[in-house]
Amino acid sequence: MVANYDEVMKLALERGFYFPSCEIYADAPAGFWEYGPTGVNMKNKFVELWRRELVRRDGMMEIDGCQIMSKSVFVASGHIGNFTDPILRCTKCNSTFRADRYVTEKTGENVPERMADEEINALVKKYNLRCPNCKSEFGGVSRFNMMFRVGIGPAAEEAYLRPETCQTIFVDFARVFKTMRGRLPLGVAQVGKSFRNEIAPRQSLLRLREFYQAEIEVFCNPSRLDELPKFEEIKDTILRLSDGSSITEATAEEAVRKGLIPNKLVAYYLALLIEFYDKTGVDVRRSRYRRLSDDEKAFYASIAFDFEVETSIGWLELVACNYRSDYDLKGHGTTSKQNLEVVDPTDQTKVLPHVFELSMGIDRSIYTILEHCYYEDEKHDDRVVLGLKPYLAPVLVGILPLMTKDGLGEKARKIHSDLKLDFDTFYDESGSIGRRYRRLEEVGAPFAITIDQTTMQDDTVTVRHRDTMQQERVKTSELRQYMNNALAARN
RNA sequence: GCGACGGUCGUCCAGUUUGGUCUAGGACAUCAGAUUGCCAAUCUGGUAACCCGGGUUCAAAUCCCGGCCGUCGCACCA
């Protein structure tokens, strides 16, 4: 049986994957969650897999930038202008509306988002617009900014928590490219936190105000988007493409040839990404790249595919894949008065690189992996199993003496101390052996080592497999190699 | 932010209608001990909760007000 949101939530709370922040206080705000011991372990392993399958595989460079950035950064990025929505608020019942949309809808007048507050106020007065809920008057237009503003130093200089990690990549681009001897196309990657003051955060890890992103910005020469030798590596990888209704399967090569994807560079990274997700344990047969229409796209994107996965609560966006053109470097170049062009060594011409990004939501990915890996095994008392890949499991192996007497406990502790520095192990000698197996299954431990009487005679233990419940005997001297082999099996 | 509904041990639920029997009960989980010795066994004992703040009352888990959180709907969603 497959999982739903509530079951994953329950498991997450009971087994220490994640839980609400500041929960012992009554004024804990919504939209903030923390990872517990099992969750942070799994998240670390997820990020390490991301490094392996994307950053190292493609020869990207990783940076770690600041979360607080100056106002100018967001003037250049467009977030100051595009993140402030005009809001109309009822003076009586406090209902709030997007001012531009509401006024347009009621009056038919063209009200752009950037229209001055006074002009919108004038329209409200002219048409005598009132709150549709209680018929009371509106207060004047105010502005809601989704960025968290912070004040730096005693003078409280205006700055913001970054709403997406990639802005640090853009502002650092010139130095990284120069000092690290970069060549286009060049991927620059970053893992870190971003902050958005969501109006209505919901559903635990799925809509947070403070959240983790793993972002990759590929800087490229826009005139060479189809000159990509490494495209050969992934040309046969199957991509599932969607316009929102039907899904078309095509190899990367076919997708480019048929124009489903605009160029080889975009197709290459979409293929890398799907190969990565396949290794996380997400069921990629339930995924799609959905091409966004113009009115769905972010303000900086010219072409956008959302990588979406089907979950118990519907299609969930895990990665935004945006072709941002030169929007960002142009903005930062103009605002900072720096020249951010680089030389393409192929023909020694100067070019302002374009950017294709893979903006991954880590928290949503963690949730999706948990949901796709969770199952109840009807054949065995509906045991709850988290079928995590060995290299993502918070506990790789449980070490369990069948009983503590006759020296089995000592032997088990010895085996445990031989393994615990190199593997995520869990030692447990309490209660029945069956109960201990079940507990391990719930945190996704793929293996359990059991020390029994035979161990005392021939120095072998049983290794039990989580999914099949089958056991095999392994020499204690070979356990280390056994576990290493299991970890290395990333398909 | 608005509206509807909700919030009791780690989890799920009883108790709230009609205030007192609640020093808050059960199941599962968890901890200690006994027993068993390869798949959530059994026995004994323990830990553990009324979301927060006010109010009404002799008396509040229960009624009232405010806040916070959650679910759903609306709106929003880079």
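Protein chains get the first letters and strands the later ones, always in sequence-line order, with residue 1 at the start of each. Just so it is clear, the model here is predicted, and its values are computed rather than measured.
In summary, A:Glu429 and A:Arg413 engage in a salt bridge, as defined by a charged side-chain N under 4.0 Å from a carboxylate O. A salt bridge links A:Glu158 with A:Arg149: at least one charged nitrogen is closer than 4.0 Å to a carboxylate oxygen.
If you check distances only, the side chain of A:Tyr437 does reach the base of B:rC38 with a donor-acceptor pair under 3.5 Å. Checked by distance alone, A:Gln471 brings a side-chain donor or acceptor within 3.5 Å of a matching partner on the base of B:rC38. In terms of polar N and O atoms assigned as donor or acceptor, the side chain of A:Arg383 never comes within less than 3.5 Å of the base of B:rC39 in a complementary pairing. Judged by atom type and distance alone, A:Arg436 does not reach the base of B:rC38 through any side-chain donor-acceptor pair under 3.5 Å.
Nucleotides B:rU56 and B:rC65 place their C1' atoms 11 Å apart, quoted to the nearest Å. Between B:rC13 and B:rA29, the two C1' atoms lie 14 Å apart (nearest whole Å). Rounded to whole Å, the P atom of B:rC52 lies 13 Å from the corresponding atom of B:rG10. Of the C1' atoms belonging to B:rA61 and B:rG19, the separation is 10 Å, rounded to the nearest Å. Rounded to whole Å, the P atom of B:rG15 lies 15 Å from the corresponding atom of B:rG25. Rounded to whole Å, the C1' atom of B:rG45 lies 36 Å from the corresponding atom of B:rG6. A gap of 8 Å separates the C1' atoms of B:rU35 and B:rC43, to the nearest Å. Using atom P as the reference point in both B:rU11 and B:rC51, the two lie 13 Å apart (nearest Å).
Taking 4.0 angstrom as the limit, A:Arg435 places a side-chain polar atom (N or O) nearer than this to OP1 or OP2 of B:rU30. Here A:Arg439 does not reach the OP1 or OP2 of B:rA29: none of its side-chain N or O atoms lies under 4.0 Å away. Phosphate contact (OP1/OP2 of B:rA41, side-chain N/O of A:Ser432, threshold under 4.0 Å): present.
If you check every strand for non-hydrogen atoms under 4.0 Å, A:Leu402 touches a base. At a threshold of 4.0 angstrom between heavy atoms, the contacts of A:Thr462 include nucleobase atoms, whether or not backbone atoms are also involved. Nucleic acid contact class of A:Pro29 (heavy atoms, under 4.0 Å, all strands): sugar-phosphate only. Within 4.0 Å of A:Ala320, counting heavy atoms only, lies no atom of the nucleic acid at all. Within the nucleic acid shown, A:Asn322 has no heavy atom closer than 4.0 Å to any nucleic acid atom.
Using N1 to N3 plus N6-O4 or O6-N4 for Watson-Crick, or N1-O2 and O6-N3 for G-U wobble, each under 3.5 Å, B:rG1 pairs with B:rC74. Across all strands shown, nothing is found opposite B:rG37 as a Watson-Crick or G-U wobble partner with both distances under 3.5 Å. Across all strands shown, B:rG25 pairs with B:rC13; the Watson-Crick or G-U wobble distances both stay below 3.5 Å. B:rU44 is paired with B:rA32 under the criterion used here, namely a Watson-Crick or G-U wobble arrangement in which both key atom distances are under 3.5 Å. Nucleotide B:rU18 is matched to nothing when pairs are restricted to Watson-Crick or G-U wobble geometry with both distances under 3.5 angstrom.
Taking atom CD1 on A:Ile24 and atom P on B:rA49, their separation rounds to 14 Å, with Å as the unit. For the pair A:Arg15 CZ and B:rA29 P, the computed distance is 10 Å after rounding to whole Å. Rounded to an integer number of Å, the gap from A:Phe195 CZ to B:rA78 P is 19 Å. For the pair A:Ile313 CD1 and B:rC72 P, the computed distance is 8 Å after rounding to whole Å. In this structure, A:Met146 atom CE and B:rG1 atom P are separated by 15 Å, rounded to whole Å. Across the protein-nucleic acid pair, A:Leu13 atom CG and B:rC9 atom P stand 12 Å apart, rounded to whole Å. Atom-to-atom, CG of A:Leu408 to C1' of B:rG37 comes out at 10 Å; the value is rounded to the nearest Å. Atom CD of A:Glu441 and atom C1' of B:rC38 are 13 Å apart (whole Å).
In this structure, A:Tyr277 has its ring center closer than 6.0 angstrom to the ring center of A:Phe307.
Here the side chain of A:Glu317 pairs no donor or acceptor atom with the backbone of A:Glu308 at under 3.5 angstrom.
Of the two residues contacting RNA chain B, namely A:Glu442 and A:Glu198, the nearest-nucleotide position lying further toward the 5' end is that of A:Glu442. Toward the 5′ end of RNA chain B lies the nearest nucleotide of A:Gln453, the other residue of the pair A:Gln453 and A:Gln203 mapping further downstream.
Closest approach of A:Val461 to A:Thr450, counting heavy atoms only: CB-O, 3.5 Å.
Here the nucleotide nearest the side chain of A:Ala30, chosen from B:rC39, B:rC69, B:rA78, is B:rC69. Nearest to the side-chain atoms of A:Glu14 among the listed nucleotides B:rU11, B:rC38, B:rG37 stands B:rU11. Picking from B:rA40, B:rA78, B:rU71 the nucleotide with the shortest atom distance to the side chain of A:Arg202 gives B:rU71.
Side-chain contact annotation: A:Asp363 with A:Ser365, donor-acceptor N/O pair under 3.5 Å absent.
Figure legend: A:Arg288 and A:Trp315 shown as a cation-pi pair, the cationic atom lying under 6.0 angstrom from the six-membered ring centre and within 45 degrees of its axis. Under the 6.0 Å distance and 45° angle rule, A:Arg464 counts as a cation-pi partner of A:Tyr437.
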